[in-house]
Amino acid sequence: MDFLNDKIKPMYFKYLLAAFGSAMITSIYSIVDTAMVGQYHGPDGTAALAVVAPVWNIIYSLGLLMGIGGSVLFCTKRSSNKNDKTENQYFSAAVIGSIVLALLAWICIFLL
């Protein structure tokens with residue numbers, strides 16, 4: 001895919017389909033998971049999933065934030081013609097940042 005010379009509309013729809021498919025699979029997974037927990041653990045299990053689902057979404061979103069942002073910085077540095085090896089630092093910062101944000105989310109939600 002050539003981002004500089006290709007038409008924008010077909011490229012946009014390729015990425016849109018991939019993002020939509022990913023969101024659809026995640027939604028189906030959570031629905032099936034809720035149905036299975038409700039089937040085997042009853043209303044208490046379903047209520048527990050309803051309480052934990054927003055927490056899971058916050059942590060998942062923060063992980064995506066760090067992962068996507070870190071991958072953009074990593075690829076930009078790796079594709080540059082300079083010979084500095086700072087792309088590994090960007091990768092490490094993204095991984096450590098996602099762990100720190102997840103821990104902060106857990107602390108803020110469950111301890112405050």
Side-chain angles (χ1 to χ4, degrees):
M1 215 179 293
D2 187 7
F3 290 114
L4 296 176
N5 298 323
D6 285 350
K7 297 212 181 267
I8 292 176
K9 196 171 186 178
M11 279 194 305
Y12 173 76
F13 283 111
K14 283 182 185 177
Y15 282 105
L16 177 69
L17 275 165
F20 183 76
S22 173
M24 184 66 80
I25 289 170
T26 303
S27 297
I28 290 170
Y29 172 77
S30 70
I31 290 170
V32 170
D33 188 37
T34 303
M36 290 296 119
V37 168
Q39 186 74 21
Y40 292 106
H41 293 286
D44 290 338
T46 306
L49 275 180
V51 170
V52 172
V55 176
W56 165 252
N57 285 333
I58 290 169
I59 292 172
Y60 183 72
S61 299
L62 291 173
L64 280 176
L65 173 80
M66 294 302 291
I68 292 171
S71 68
V72 168
L73 292 172
F74 176 82
C75 291
T76 303
K77 274 296 190 184
R78 180 162 264 197
S79 65
S80 69
N81 293 332
K82 299 175 185 170
N83 283 332
D84 59 350
K85 297 294 182 185
T86 58
E87 65 261 9
N88 292 333
Q89 293 172 353
Y90 285 115
F91 176 78
S92 298
V95 171
I96 293 168
S98 63
I99 292 169
V100 167
L101 285 177
L103 289 174
L104 285 174
W106 277 106
I107 289 169
C108 289
I109 291 169
F110 287 113
L111 297 180
L112 296 179

Rounded distance (nearest 0.5 Å) linking atom OG of Ser61 with atom CG of Leu65: 9.0 Å

Residue pair Gly63 / Ser98: nearest heavy atoms and the distance that separates them: CA-CB, 4.5 Å

Side-chain hydrophobic cluster, 4.5 Å single linkage: members besides Tyr12: Phe13, Leu16

Closest contact, heavy atoms only, Gly70 versus Ala94: CA-CB, 3.9 Å

ILVMFWY network linking Ile25 to Leu64, side-chain heavy atoms under 4.5 angstrom: no

Closest non-hydrogen atom pair, Leu49 against Thr34: CD1-CA, 3.6 Å

Hydrophobic cluster (4.5 angstrom, side-chain heavy atoms) - remaining members for Val100: Ile96, Leu104

Met36-Ile28 co-clustered via ILVMFWY side chain contacts under 4.5 Å: yes

Atom pair OG1/OH of Thr46 and Tyr40 - distance to nearest 0.5 Å: 13.0 Å

Exercise: identify the closest heavy-atom pair between Phe74 and Phe91: CD1-CB, 4.1 Å

Polar side-chain atom of Ser22 near backbone of Ala18 as donor-acceptor pair, under 3.5 Å: no

Hydrophobic cluster membership, Ile59 vs Met66, 4.5 Å side-chain cutoff: yes

By ring pair (Phe, Tyr, Trp, His ring centres under 6.0 Å) - contacts of Tyr60 (at least two apart): Trp56

Within one Ile-Leu-Val-Met-Phe-Trp-Tyr cluster: Leu62 and Trp106, side-chain cutoff 4.5 Å: yes

